[in-house]
Amino acid sequence: MKKVHNFSAGPGILPAEVLQQAADACINFDNLNLSLLEISHRSKNFEAVIDESRELVKELLGVGAGWQVLFLGGGASQQFAMVPYNLLRENGSAAYVNTGVWASKAIKEAKILGNTKVIASSEDKQFGYIPKGYEIPTDADYLHITSNNTIYGTQMKSFPKSSIPVVCDMSSDIFSKPVDGNQFALIYAGAQKNMGPAGATMVAVREDILGKTERKMLSMMDYRVHIKGGTMYNTPPVFPIYVVMLTLRWLKKNGGLMWIEGVNNAKAKLMYDEIDRNSLFKGTVINPEDRSNMNATFVMTKPELEPEFDKMWKAADISGIRGHRDVGGYRASLYNALPLESVQALVDVMQAFEKQYA
Ligand SMILES: *Cc1c(COP(=O)(O)O)cnc(C)c1O
């Protein structure tokens with residue numbers, strides 16, 4: 001198979017060996033002579049998959065007793081609703097930081113369920129920076145933040161300290177570097193950006209924050225129901241969970257979060273150095289501190305040359321660098337499984353392009 005440099009923003013690239021193992025399990029799982037896709041989720045072989053996946057998540061987040069890990073359907077978008085539904089009291093309030101499209105969608109859902117305050121926003125400058133120095137209300141039920149802004153290419157390099165529970169949407173930078181999970185009360189992430197295929201969303205939650213809303217709860221929307229059911233209240237997304245387990249095994253085997261942070265920093269440096277150096281390109285996030293190590297967004301200084309550039313990178317077997325449909329330009333997603341050599345291939349094209357057109 002020809003190797004394509006896959007910069008897709010999501011679903012994103014997965015390690016080749018993980019794809020091979022996942023393909024094998026679709027034919028013959030655990031030497032059962034049965035496919036992973038045709039056995040009971042309550043079989044002991046699959047129970048082992050769930051257990052290992054949850055343990056790997058807890059280990060990588062550094063969280064212990066009192067934390068529960070779930071794998072739910074509905075995508076990260078379902079969590080936009082489940083978070084306020086489970087945490088926002090009828091007469092309480094929620095605080096949100098608005099750093100882009102995903103945060104805005106989370107805010108929209110919370111507003112339907114209760115009193116929701118946007119305490120900081122970067123909307124005034126097209127979400128091109130991370131707001132800082134804002135005050136967090138001490139009486140809010142929780143603070144909601146988005147660690148990485150997949151569309152606008154910004155990333156929180158540190159997290160707000162707060163006495164209230166902090167909820168973080170980590171969909172697009174989960175497990176890209178060491179992060180102490182204990183500074184949060186709830187972390188969620190759709191699997192398809194950095195740890196698996198679409199279809200499973202990881203939720204890690206400190207159990208003591210649940211059950212305080214006095215809301216009458218719908219079962220499928222209630223974290224406690226899913227916890228009680230061992231993340232099998234209903235049939236869980238078995239295949240995505242299996243691939244998450246394989247990806248986290250791959251991560252751990254290669255050296256874990258310290259290792260991947262080094263790899264990701266090297267890729268981001270190579271990418272941004274070229275964006276800043278090359279006269280035909282410029283970054284859309286100005287402050288280097290706010291630039292995402294996962295999604296590098298940039299535009300052309302001469303946009304009329306875009307069709308020529310597009311021809312050139314496509315000819316170099318590069319895929320998926322057009323920007324999000326709402327913002328245009330380009331976006332190179334540098335998720336964990338993308339090798340440094342793929343970034344080098346893109347940088348080579350940008351340099352060849354500059355030689356020809358600058
Ligand atoms: C992709 C993304 C989402 C939406 O995920 P779905 O699984 O499609 O619902 C939410 N938040 C962030 C930060 C994302 O990158």
Side-chain angles (χ1 to χ4, degrees), residues 6-14 57 70-85 96-110 112 118 120-123 126-131 142-157 159 166-177 179 184 186-204 220-221 236-237 239-241 243-244 247 264 284-285 290-297 320-327 331-338:
N6 183 6
F7 290 86
S8 172
I13 184 169
L14 290 169
V57 166
L70 304 171
F71 296 98
L72 305 177
S77 301
Q78 175 78 6
Q79 297 311 309
F80 298 162
M82 280 179 81
V83 164
Y85 190 75
Y96 278 72
V97 178
N98 187 5
T99 48
V101 168
W102 301 118
S104 304
K105 288 187 169 170
I107 291 162
K108 184 178 165 213
E109 302 298 274
I112 292 169
V118 178
S121 171
S122 51
E123 198 170 8
Q126 273 218 326
F127 297 116
Y129 67 100
I130 296 289
Y142 65 93
L143 168 71
H144 182 284
I145 57 174
T146 311
S147 54
N148 184 73
N149 216 309
T150 329
I151 294 174
Y152 296 92
T154 61
Q155 185 178 27
M156 290 182 177
K157 300 292 165 63
F159 298 102
V166 180
V167 175
C168 189
D169 174 0
M170 288 195 190
S171 293
S172 53
D173 67 351
I174 185 97
F175 304 140
S176 64
K177 60 183 176 182
V179 167
F184 306 97
L186 191 153
I187 294 165
Y188 64 92
Q192 73 273 19
K193 307 285 168 50
N194 213 19
M195 62 174 166
T201 301
M202 188 281 290
V203 177
M220 276 298 282
M221 290 286 288
F239 183 70
I241 294 170
V243 183
V244 167
T247 308
N264 287 335
T284 55
V285 178
D290 292 347
R291 286 177 164 179
S292 169
N293 277 1
M294 293 283 100
N295 314 94
T297 49
I321 65 162
R322 286 303 310 205
H324 187 273
R325 62 186 188 280
D326 290 349
V327 297
R331 167 174 55 175
S333 295
L334 313 174
Y335 296 131
N336 285 356
L338 185 86

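Everything quoted here is computed from the prediction, not taken from an experiment. Note that ligands are numbered from 1 as they come in the structure, with each ligand's atoms numbered from 1 the same way.
With sequence neighbours left out, Arg291 forms a salt bridge (charged side-chain N to carboxylate O under 4.0 Å, His left out) with Asp276. Shown here are the side chain to side chain donor-acceptor pair (under 3.5 Å) partners of Asn293, two or more places apart in sequence or in another chain: Asn265. Here Tyr152 pairs with nothing under the side chain to side chain donor-acceptor pair (under 3.5 Å) rule; sequence neighbours left out.
In this structure, the separation between CZ on Phe80 and NE2 on His144 is 6.5 Å, given to the nearest 0.5 Å.
With 3.5 Å as the limit, one finds a donor-acceptor pair spanning the side chains of Asn98 and Ser104.
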Using a cut-off of under 3.5 Å, which N/O atoms of ligand 1 pair up with protein N/O atoms, and what distance separates each pair?
unit_1	atom_1	unit_2	atom_2	d
ligand 1	7 (O)	Ala76	N	3.0
ligand 1	7 (O)	Gln192	NE2	2.9
ligand 1	9 (O)	Ala76	N	3.2
ligand 1	9 (O)	Ser77	N	2.8
ligand 1	9 (O)	Ser77	OG	2.6
ligand 1	11 (N)	Asp169	OD2	2.6
ligand 1	15 (O)	Trp102	NE1	3.4
ligand 1	15 (O)	Thr150	OG1	2.4
ligand 1	15 (O)	Lys193	NZ	2.6

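Residue Asn295 forms a side chain to side chain donor-acceptor pair (under 3.5 Å) with just one option from Thr150, Thr154, Asn148, and that option is Asn148.
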